Amino acid sequence: MSAVSSRLPVFPWDKLEPYKATAAAHPDGIVDLSVGTPVDPVPDLIQRALVAAANSPGYPTVWGTPQLRDALTGWAERRLGARDVAHANVLPVVGSKELVAWLPTQLGLGAGDRVAYPRLAYPTYEVGARLCGAEPVTYEDPTDLDPAGLRLLWLNSPSNPTGRVLDKAELTRTVAWAREHGVLLFSDECYLELGWEAEPVSVLHPDVCGGSYEGVVAVHSLSKRSNLAGYRAAFLVGDAAVLGELLQIRKHGGMMTPAPVQAATVAALGDDIHVAEQRARYAARRTALRAALEGHGFRIEHSEASLYLWATRDEPCWETVARLAQLGVLVAPGDFYGPAGDRFVRVALTATDERVEAAVKRLG
């Protein structure tokens, strides 16, 4: 067992505990802007759908109900602009983090294979590569990578942690490059509903993929858009051959989305009102926090989308973390996301209005 865990980096969030204790000692309590976990209520219509499906004594299927697949295909066409999305082009999964961590293993990758992801990135891309024994590699521009042995290429737009959005031209160029070199491309688009100063585009848009899903899969989640992080509701859309293979593997592995969660997903994808309401909450918090951080001497880079502000005082990130912890505000150090982030912190918008207001006052 230790042989597998020894491949992995130290779990980064454990390193933040002393600073969390400092922030928690503030007389008015901690303002936790570090992890980025939703704090607002699950919308009523989703809760009702979950409860209505609570009497589900039988096993669910890995592929999901026909109603779920209809909801996935319909949403992909309506929201992403994808065309001719069939049931074979969708697959529900139990959480996007779980998918990222275990995808290289399920694809049969191992020693001698390479998995690429952005140089500033969600740490689980690296974890997924290391779990199966593949080599993790980072990039600034994916088309500069050596394609030899490269089996899986991760895109992430909007980016976690930076909030950067890849435009159509960048996405189109990368899709063409991956196809030319026979590299499977997975695009993590979990923050796509949260564009602020840019409109995120999916790799499944016909202007990007040319109307073909060959070699391309998009990853989506309901955690952020619908406050469903606790439901572990996510899904894939794209290449039918790739998803068909994953479906067969996952049938053996028992990776079934619970039936009540499937019903809740149908309800969530069928309603745009709650998404707009949640966007408005995050927009207001973003405006307030950005102004307060800039007034406190921070510079904000990228951050045109997603649930984070990528901020710097042009000092080592742990000095910034310590400085803010003294004010009772906890943020994530940028080096959690790669060495290139060592002078930045990631500030999440996921705190209640009351806690955001407290942070703004302390920064002022």
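This structure is a prediction, so every number in the text was calculated from the model and none was measured.
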Is it true that [X] and [Y] have a side-chain N and a carboxylate O under 4.0 angstrom from each other?
X	Y	result
K361	E357	yes
R79	E199	yes
R78	D272	yes
D40	R285	yes
D314	R299	yes
R355	D32	no
E98	R232	yes

Hydrogens and angles aside, do [X] and [Y] bring a side-chain donor and acceptor to less than 3.5 Å of each other?
X	Y	answer
S226	H274	yes
D342	W318	no
Q262	T257	no
Y191	N156	no
R250	Q106	yes

Quick check: does any side chain N or O of [X] sit under 3.5 Å from a backbone N or O of [Y], one acting as donor and the other as acceptor?
X	Y	value
D239	G215	yes
R69	V90	no
T65	L68	yes
T143	D141	no
K224	G36	yes
S56	A53	yes
E135	V115	no
N89	A86	yes
W196	S306	yes

Legend entry - Single hit among L152, L184, V217 for side-chain contact (heavy atoms from CB on, under 4.5 Å) with L103: L152
Legend entry - Option among L72, L236, V261, T265 that satisfies the side-chain contact (heavy atoms from CB on, under 4.5 Å) test with P92: L72
Inset, instruction - Just grab all the side-chain hydrogen bond (donor to acceptor under 3.5 Å, both in side chains) pairs involving residues 158-167, residues at least two apart or on different chains. - result: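 side-chain hydrogen bond (donor to acceptor under 3.5 Å, both in side chains) check on residues 158-167 returns S159-T162, N160-R346, R164-E170.
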Inset, instruction - Evaluate whether atom CZ of F11 has more than 12 neighbouring non-hydrogen atoms of other residues, nucleotides or ligands under 6.0 angstrom away. - result: yes
Legend entry - Other residues, nucleotides, ligands: >12 heavy atoms within 6.0 Å of D84 CG: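 No, CG of D84 has 12 or fewer neighbouring heavy atoms, counting only those of other groups under 6.0 Å.
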I need the [X] [atom1] to [Y] [atom2] distance, nearest 0.5 Å.
X	Y	atom1	atom2	result
L99	S221	CG	OG	10.5 Å
C190	Y122	SG	OH	8.0 Å
L194	R279	CG	CZ	6.5 Å
R130	R7	CZ	CZ	10.5 Å
L324	Y19	CG	OH	12.0 Å
L330	L33	CG	CG	8.0 Å

Determine the minimum heavy-atom distance between [X] and [Y], stating which atoms define it.
X	Y	result
R114	A148	NH1-O, 2.8 Å
P200	V165	CA-CG1, 3.8 Å
D28	A358	OD2-CB, 3.9 Å

Inset, instruction - Apply side chain to side chain contact (heavy atoms under 4.5 Å, CB included) to T138 and list each qualifying residue two or more places apart in sequence or on a separate chain. - result: Y117, R119
Legend entry - F344 and its ring-ring contact (aromatic ring centres under 6.0 Å, His included) partner, picked from Y308, F298, W310: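 Between F344 and the candidates, ring-ring contact (aromatic ring centres under 6.0 Å, His included) is satisfied uniquely by W310.
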Legend entry - pair V345-T312: side-chain heavy atoms closer than 4.5 Å: no
